[in-house]
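Only one structure is covered here, and it is reproduced in the block below.
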Amino acid sequence: MAKDNDRELVRRFKGGDQAAFELLFTRYQHKVLGLIGRHLNDPDEVQDVAQEAFVRAFRALPRFRGESAFYTWLYRIALNTTRNHVAARNRRPPPTDIDVADARLMDGVDTLRDDEDPLAALSRDELSSEIRQAIGALPDDQRSAVILREMDGLSYDQIAEVMHCPVGTVRSRIFRAREAIDKRIRPLLE
């Protein structure tokens, strides 16, 4: 149903109806933000990269052939835009140290709620942090595949379309990613 509706909106956009793209944007903005947010930690960066991804999609939509679902095509653009952003960011010099005034403002941000068991919170936070680090340490292809599957809920076929590879390769990447994550967090669970 949504796939057919997307095709109609793409057809309308190609016919000159700019509002059709706004509908596509509204439909997929949260999914795109979520995808990018799993690769970047800074909300401002996430917004910037998402905006860039949608601008690229807007410019490329007249050339969209419809060989894949619109959202698969859009995810591919968002993923590539994110990768390009991360690569460019890694080439930049590190930011300056945190100002003392800023550090005071940040002090206490991560304090526990009074009604929360400190040991349980520590264990949960440690596990969550370790999982994030494990995902971040994965090779790019494995990280993308496991995020698209586990966090975005895409099927193996959809991931194969987004990543331009066979389904068997997707399955292999996800398997290796899960193994690496499991190996890293197992000591915390024992």
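Taking the side chain as every heavy atom from C-beta outward, L23 and R12 approach each other to under 4.5 Å. In this structure the side chain of L61 reaches within 4.5 angstrom of the side chain of W73, judged on heavy atoms. Using a 4.5 Å heavy-atom cutoff, the side chains of R173 and R143 are not in contact. D6 places a side-chain heavy atom less than 4.5 Å from the side chain of Y28. With contacts defined as side-chain heavy-atom distances shorter than 4.5 Å, the pair V49/H39 does not qualify.
A donor-acceptor contact shorter than 3.5 Å is absent between the side chain of D17 and the backbone of F13. At least one donor-acceptor pair closer than 3.5 Å links the side chain of T82 to the backbone N or O of A78. Although no hydrogens or angles enter the test, the distance criterion places no donor-acceptor pair under 3.5 Å between the side chain of T169 and the main chain of C165.
When the side chain to side chain contact (heavy atoms under 4.5 Å, CB included) test is applied to E179, the partners found at least two apart in sequence or on another chain are F175. Qualifying ring-ring contact (aromatic ring centres under 6.0 Å, His included) partners for Y156, counting only residues two or more places apart in sequence or in other chains: none.
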Q: Would you please test N5 and R27 for side chain to side chain contact (heavy atoms under 4.5 Å, CB included) and show each step?
A: CA-CA 11 Å; N5 194 356; R27 178 176 293 161; 2.9 Å; yes
Q. Hey, mind stepping through F54 and L74 against side chain to side chain contact (heavy atoms under 4.5 Å, CB included) and telling me if it holds?
A. CA-CA 8 Å; F54 276 108; L74 180 61; 3.8 Å; yes
Q.
With side chain to side chain donor-acceptor pair (under 3.5 Å) as the criterion, how do T72 and R76 come out once you've worked through the C-alpha distance, each side chain's angles and the decisive distance to 0.1 Å?
A. CA-CA 6 Å; T72 304; R76 191 177 311 132; over 6 Å; no
Q: Report the C-alpha separation of H85 and E52 in whole Å, then their side-chain angles, then the decisive distance to 0.1 Å, and conclude whether the side chain to side chain donor-acceptor pair (under 3.5 Å) test is met.
A: CA-CA 10 Å; H85 176 80; E52 184 179 343; 5.4 Å; no
Q) Between F58 and E22, is a side chain to side chain contact (heavy atoms under 4.5 Å, CB included) present by the stated rule, with each step listed? A) CA-CA 10 Å; F58 180 84; E22 291 176 30; over 6 Å; no
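R171 contributes atom CZ, which lies 9.5 Å from atom CD1 of I159 (distance to the nearest 0.5 angstrom). For the atom pair CD of Q47 and CD of Q29, the computed distance is 8.5 Å after rounding to the nearest 0.5 Å. Atom CD1 of I131 and atom CD of E150 lie 11.0 Å apart (nearest 0.5 Å). Between the CD atom of E161 and the CG atom of L154 there is a distance of 10.0 Å, given to the nearest 0.5 Å.
With hydrogens and angles left out, the side-chain atoms of S144 and R83 include a donor and acceptor closer than 3.5 Å.
Surrounding NE2 of H164 are more than 12 heavy atoms belonging to other residues, nucleotides or ligands, all under 6.0 Å away.
When I185, I181, I135 are each tested for a side-chain contact (heavy atoms from CB on, under 4.5 Å) with E130, only one passes: I185.
The two residues V46 and G37 have their closest heavy-atom pair at CG2-CA, 3.7 Å.
Taking the six-membered ring where the residue is Trp, F64 and F70 present perpendicular rings, their angle passing 60° and hence far from 30°.
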